[in-house]
Amino acid sequence: MKIDQVQSHPFADQRPGTSGLRKKVSAFQQPHYLENFVQAIFETQKDLQGGTLALGGDGRYYNREAVQIILRLAAGNGVSRVLVGQGGLLSTPAASCVIRKYAAQGGIILSASHNPGGPDKDFGIKFNVANGGPAPEKVTQDIYDRTLLMSGYRQVEAPDIDIDTIGLNMLGEMQVEVIDPIVDYAHLMREIFDFDAIHQLFNSGIFQMRFDAMHAITGPYAVEILERMLGAEPGTVINGIPKEDFGGGHPDPNLAHAQELVELTQGFDPVDFAAASDGDGDRNMILGKNFYVTPSDSLAVLAANAHLIPGYRSGIPGIARSMPTSQAADRVAEKLGIECYETPTGWKFFGNLLDAGKIAVCGEESFGTGSDHVREKDGLWAVLAWLNLLAVKQQSVSQILNDHWQQFGRNYYTRHDYEGIDSNAAEALMANLRRLVLDIKGKRLGRYRVEYGDDFSYTDPVDNSVSANQGIRIGLSGGSRIVYRLSGTGTVGATLRIYLESFEPDPEKQNQETAAVMAPLVALGRELANVEKHTGRTEPDVIT
Ligand code: G1P
Ligand code: ZN
């Protein structure tokens, strides 16, 4: 088969962010744009030559076209085998599972996660390495550096492969194996969790659940696992058919975007348990009857109770959380006598800790929770972990949380996002904060004393690589904290995120409204950063 050498010119804007390269679909549709980026992957990741690549995406608009383009480039660059999810689909955690199970040298995942999809919405591509996790900083830097030098790419001249039929195809000398995107992942879940106990819970007749797939990738995974394997009643999974534009919605499992699901947990005859996942299946939201579990609390509860789940029966060696995630997990680690690592935002930082066996459970405040079973956060894993706890403990979600707070204290938590602000204004705001924290230690701010202030820098305990400028932290007396950082996943302008946490050890005060408890700290956070002066905004766009 003929291999074409196609000439192109470099694009200056292909630096991957927190989670791969994310742009409008129209950016990816520019001639040579996707091809250049993928060529940069093949030229820098030499192991793929003669190796195996996993390939799939969340099914959003442009997924199918991108798969065909990548297959032709893979063949042109000497990859020997590609494992493609049927229909070009693979959830992010399932892709990680496939890479690991078949010892692939890497994987390409097509997704812009929770960002909306459609012809004028977002698309994305990320490269995962052989451990199944997102490429570490050094790898993404190499890929980016290469994109700046690109003068052409290699692809085979061939018609499209049939990606809808399971089986083996050849593209030149390269094998293209179209695989079931669900089966390997479902097996892994069955190895970890007590499926019998969960099955009994669903059959008890007194337990009702809804899972909102938000018209995204987890629909078919959830129907297979929850309804077919675990016996949940048909209709447990709602919005379960994936659509290229996610039904016009915003496939982000939070209180604002999963409104339909939230309503099912309230009012007359609410369900006992509800959960949702995002566009590519790595995020999760957990709800009980009239009850919302913050992702930071979810991580802490799962860590504290991991020994009740068969896959973690012998205990966990450590926990990790992203820096802005609340310190609830730290309190659990302290009690268990294990380490809690604080990493920068983005799952890539957990990979080394997991590979080294230093941690088994990790999470982010941004609705991400996961473990050492794969190297990505995993929405359905978190849902199954909660189901396993509910089945074993025979308690409601709110009872579990109330017990937890009594034992460890409660970290009230909220995040305020200011979206689409001017990039220069955002940089100026951060620069000011960087100056402010230089001598903030010991100062009084309202009813707090400042215990520390810094621009977070992380030294990886495994490979000693340093990631600096990861966000401003201001630690306050009594375990409260304010954190500021700019998003690395946005596609328009800048997004400022302010994360606030207030610690409450007194059980009598652990059942208040979060917004009321947080109000003074929220005001302090805005004032310190001069949010209005820099951005012209008085209120955030999103509060989670
Ligand atoms: C956001 C979240 C981060 C998460 C990432 C990908 O990144 O904050 O925790 O890993 O999405 O899901 P950000 O936009 O804040 O850089
Ligand atoms: Zn996602």
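Positions are given from 1, in the same order as the sequence printed here. As the structure lists them, so they are numbered: ligands from 1, and atoms in each ligand from 1.
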Row check, Tyr418 ring normal vs Arg526 NZ/CZ: under 6.0 Å, within 45°: no
Candidate list Ser96, Ser19, Cys97, test side chain to side chain contact (heavy atoms under 4.5 Å, CB included), partner Glu376, passing option: Ser96
Proximity of Thr345 to ligand 1 by residue part, where a heavy atom lies under 4.0 Å: side chain
Atom of Asp278 nearest the Zn ion (ligand 2) (restricted to N/O/S, atom name only): OD2
Ligand-side contact atoms (ligand 1) for residue partner Arg283, heavy atom cut-off under 4.0 Å: 1 (C), 2 (C), 5 (C), 6 (C), 11 (O), 12 (O)
More than 12 heavy atoms of other groups within 6.0 Å of Ile241 CD1: no
Heteroatom test (N, O or S) for Ser111 near the Zn ion (ligand 2), limit 2.8 Å: no
Which N, O or S atom of Asp280 lies nearest to the Zn ion (ligand 2), by name: OD1
Heteroatom distance test (Gly488, ligand 1): nitrogen or oxygen, under 3.5 angstrom: yes
Heavy-atom pair of closest approach, residues Phe246 and Asn115: CE1-O, 3.9 Å
Tyr62/Phe28 aromatic ring centres below 6.0 Å: no
Nearest option to atom 6 (C) of ligand 1, as decided by whichever heavy atom of Glu364, His114, Lys377, Glu376 sits closest: Lys377
Protein heavy atom at shortest distance from atom 7 (O) of ligand 1: Thr489 CG2, 3.4 Å
Partner of Asn469 under side chain to side chain contact (heavy atoms under 4.5 Å, CB included), chosen from Arg434, Arg485, Met430: Arg434
Under 4.0 Å to a heavy atom of Arg485 - the qualifying atoms of ligand 1, by number: 8 (O), 13 (P), 15 (O), 16 (O)
N or O pair under 3.5 Å between Ser487 and ligand 1: yes
Closest approach to the Zn ion (ligand 2) by Asp282, given as the N, O or S atom name: OD1
contact_flag Gly346 ligand 1 heavy-atom lt 4.0 Å: yes
Nearest-0.5 Å distance that lies between atom CD in Glu365 and atom OG1 in Thr345: 6.5 Å
Residue pair Asp297 / Ala328: nearest heavy atoms and the distance that separates them: OD1-CB, 3.9 Å
Sub-4.0 Å atoms of ligand 1 with respect to non-hydrogen atoms of Ser366: 2 (C), 3 (C), 4 (C), 8 (O), 9 (O)
Contact flag Asp58/the Zn ion (ligand 2), N/O/S atoms, threshold under 2.8 Å: no
Any N/O pair Tyr499/ligand 1 closer than 3.5 Å: no
Aromatic plane relationship, Tyr292 with Phe367 - under 30° parallel, 30 to 60° tilted, over 60° perpendicular: tilted
Greater than 12 external heavy atoms within 6.0 Å of Glu527's CD: no
